[in-house]
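Both counts, for ligands and for their atoms, begin at 1 and track the order of listing.
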Amino acid sequence: MTSAHNGSTENGAVSDKITVDNALDNVDVTQFAIHDMRAHARAIAQGNTVVVFDTTLRDGEQSPGATLNTQEKLDIAQQLARLGVDIMEAGFPAASPGDLEAVKMIANSIGRRVRLDRDGKVAAPPIVAGLARANKNDIDKAWEAVQGAVRPRIHTFLATSDIHMEHKLRMSRDDVLETVGDMVQYASSLCQDVEFSPEDAGRSDPDFLVQVLEIAIKAGATTLNIPDTVGYTTPEEYGGLIKHLRDNVPGGKDVIFSLHCHNDLGLATANTLAGVKAGARQIEVTINGIGERAGNTSLEETVMALYTRKPVFSLETNIVTTEIHRTSDMVSRYTGIVIQPNKAIVGANAFAHEAGIHQDGMLKHKRTYEIMDASAIGLNQSTLVLGKHSGRNALRAKLEGMGYHLNAEELKDVFKRFKDLADKKKTVTDADIEALVGDEIYQPVETWELIKLQVQCGNNVIPTAVVTLHNNKTGEEITEAGFGTGPVDAVYKGINRIIQVENTLVEFLVQAVTEGIDANGDVTIRLEVPDSRGYSQTAQGRPRRRLFSGRGVDTDIITASAKAYMQALNKMLSTVDNESSSVNIAADTAVLAPAVS
Ligand code: KIV
Ligand code: ZN
């Protein structure tokens, strides 16, 4: 199955089904290679454009349950390119051969394709970055993964806070200074675009940071990223730290200072904006703010703050803001991380006005209660409502108006589901259509497919389900029955009897897509693999609980629940299969942790 927007195929190659993208294929992409990295960095450092470094596919993917397969990563990367991100951190190549392969595919496809900017002009492909700990093995792997991009970047990091150096790295300050110099120089010998991050900078001694960063610049880094790794700082502190570093690091005014904030105290966006005010010109962000623990700074919040409060910041970004809503929806569907309704910018209620007094004000003058237009983030404003008499062309026009350019096969599938829905519901809203498209298009490779489902439940009966599944690899079709404490439990037991892969259901959420008794039900679930195969580590060496999410939409919530379960199981099967050959990261971490000399 291919994505609505990107034209990428199952094996990761990027196909040519979108006319506008085809036209761009004839543009010579090599003209966008950066020849003088120092001059490029200086121009950004001293200009008025804040470059957006998206780390949804790396820090975002470290969120529990956000496991993405290669196809999903490619789809998201393509959508991030459309969104206009300047740099995408495509992953942590040393984590496993699968991670390396995914980054390589992104570098060789999206990293080599021109795109259109928000004025419709041809623009450079995004810089594709790979994360590496400060050791040769990681740096080699990162370079192997990103070198196919027209604009490759190696992002290497080493912790600089006393607590990390003493307890995690067991390195002295001198050891750290030496390693930073050696490893940044090594990365620079491979790739002219090198970013260095002193991990836990937010809790590091600012004067030690000045020393570290001076060495990193001398060794070839042109972007210095200042992570508030544990989300500890306040906006005044973080902005003050950026100013201190820009003022005191020799050569600091000629390199790009970058901001990377975690949201443990809910201050990530505020801290990032304070850093921008203090002169940083790169922001490291994720879609929907996903990421380790409480997440990272959210792209949509920061970009829309810069956009909506232009007189306060007097800065631009290259983001195509009308792609924000769609990107947010895609990331939420693929990761299974549901967006809280009151989330700024992309939450379901962000543009809803419930209170009578607000509605009255809105009718008199939109700006009484709305500081930005929903259309600015690509939320559809059209009043064209579809119903059961609407034909395929009306649906296609509607979808195109919403930004979905489906191929004939995808349109056929979505139209069939639209007709089924329109038979049950009087009017089919934009939200229903978004849900249908997402449910149809954003699917993992299916090993097992749900063919038939029959459920008996009610008062004084034992909930019973009969399930038929088809195995797309072997061609076999199997029917089994399950009994449970309720209808969903019965269905899941029936499915388990067929697929026979151990898993624990750790989360189950049902939501209505729209209001009313005939609403589509939208079910999101998470599964955990109960043995070590399901566990891995983050770039920082923390154990990562590996959860697999699934989402299903249907007017029948039992069917939606079955679809969600099948999606999560299919993801789990393909990921665990791919991982059997992954490297042992725990052993690898030893490179970073020599005994104190
Ligand atoms: O939060 C952090 O410190 C990081 C670094 C690897 C940049 O994600
Ligand atoms: Zn981080």
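Using a cut-off of 4.0 Å between Lys/Arg side-chain N and Asp/Glu carboxylate O, Lys343 and Glu301 are scored as salt-bridged. Residues Asp264 and Arg293 are paired through a salt bridge, judged by an N-O separation under 4.0 Å between the basic side chain and the carboxylate. Salt bridge absent: Glu144 and Lys141 never bring a charged side-chain N and a carboxylate O closer than 4.0 Å. Between Arg203 and Asp162 there is no salt bridge, since no side-chain nitrogen of the basic residue lies less than 4.0 Å from a carboxylate oxygen of the acidic one.
In this model, a donor atom of one side chain and an acceptor atom of the other lie less than 3.5 Å apart for Tyr186 and Asp140. At a cut-off of 3.5 Å, with distance as the only test, a side-chain donor of Asp54 or Thr56 sits close to an acceptor on the other residue.
For ligand 1, the atoms lying closer than 4.0 Å to a non-hydrogen atom of His260 are 1 (O), 2 (C), 4 (C), 7 (C), 8 (O). Of all the atoms in ligand 1, the ones that sit under 4.0 Å from a non-hydrogen atom of Pro227 are 2 (C), 3 (O). The contact set between ligand 1 and Glu199, taken as ligand atoms under 4.0 Å from a residue heavy atom, comprises 3 (O). Taking every heavy atom of His262 and a limit of under 4.0 angstrom, the matching atoms of ligand 1 come to 1 (O).
Looking at atom 4 (C) of ligand 1, its nearest protein heavy atom turns out to be Gln540 NE2, 3.3 Å.
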Leu177/Phe208 under side chain to side chain contact (heavy atoms under 4.5 Å, CB included): CA gap, chis, key distance, verdict: CA-CA 9 Å; Leu177 290 173; Phe208 178 55; 3.8 Å; yes
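Any N or O atom pair closer than 3.5 Å counts here, and Thr229 shares at least one such pair with ligand 1.
Only the side chain of Arg58 comes within 4.0 Å of ligand 1, judged by heavy-atom distances. At a heavy-atom distance under 4.0 Å, only side-chain atoms of Asp59, from C-beta outward, approach ligand 1.
Between NE2 of His260 and NE2 of His262, the angle at the Zn ion (ligand 2) works out to 100°, rounded to 10 degrees.
Take the N/O/S atoms of Asp59: the one nearest the Zn ion (ligand 2) is OD2.
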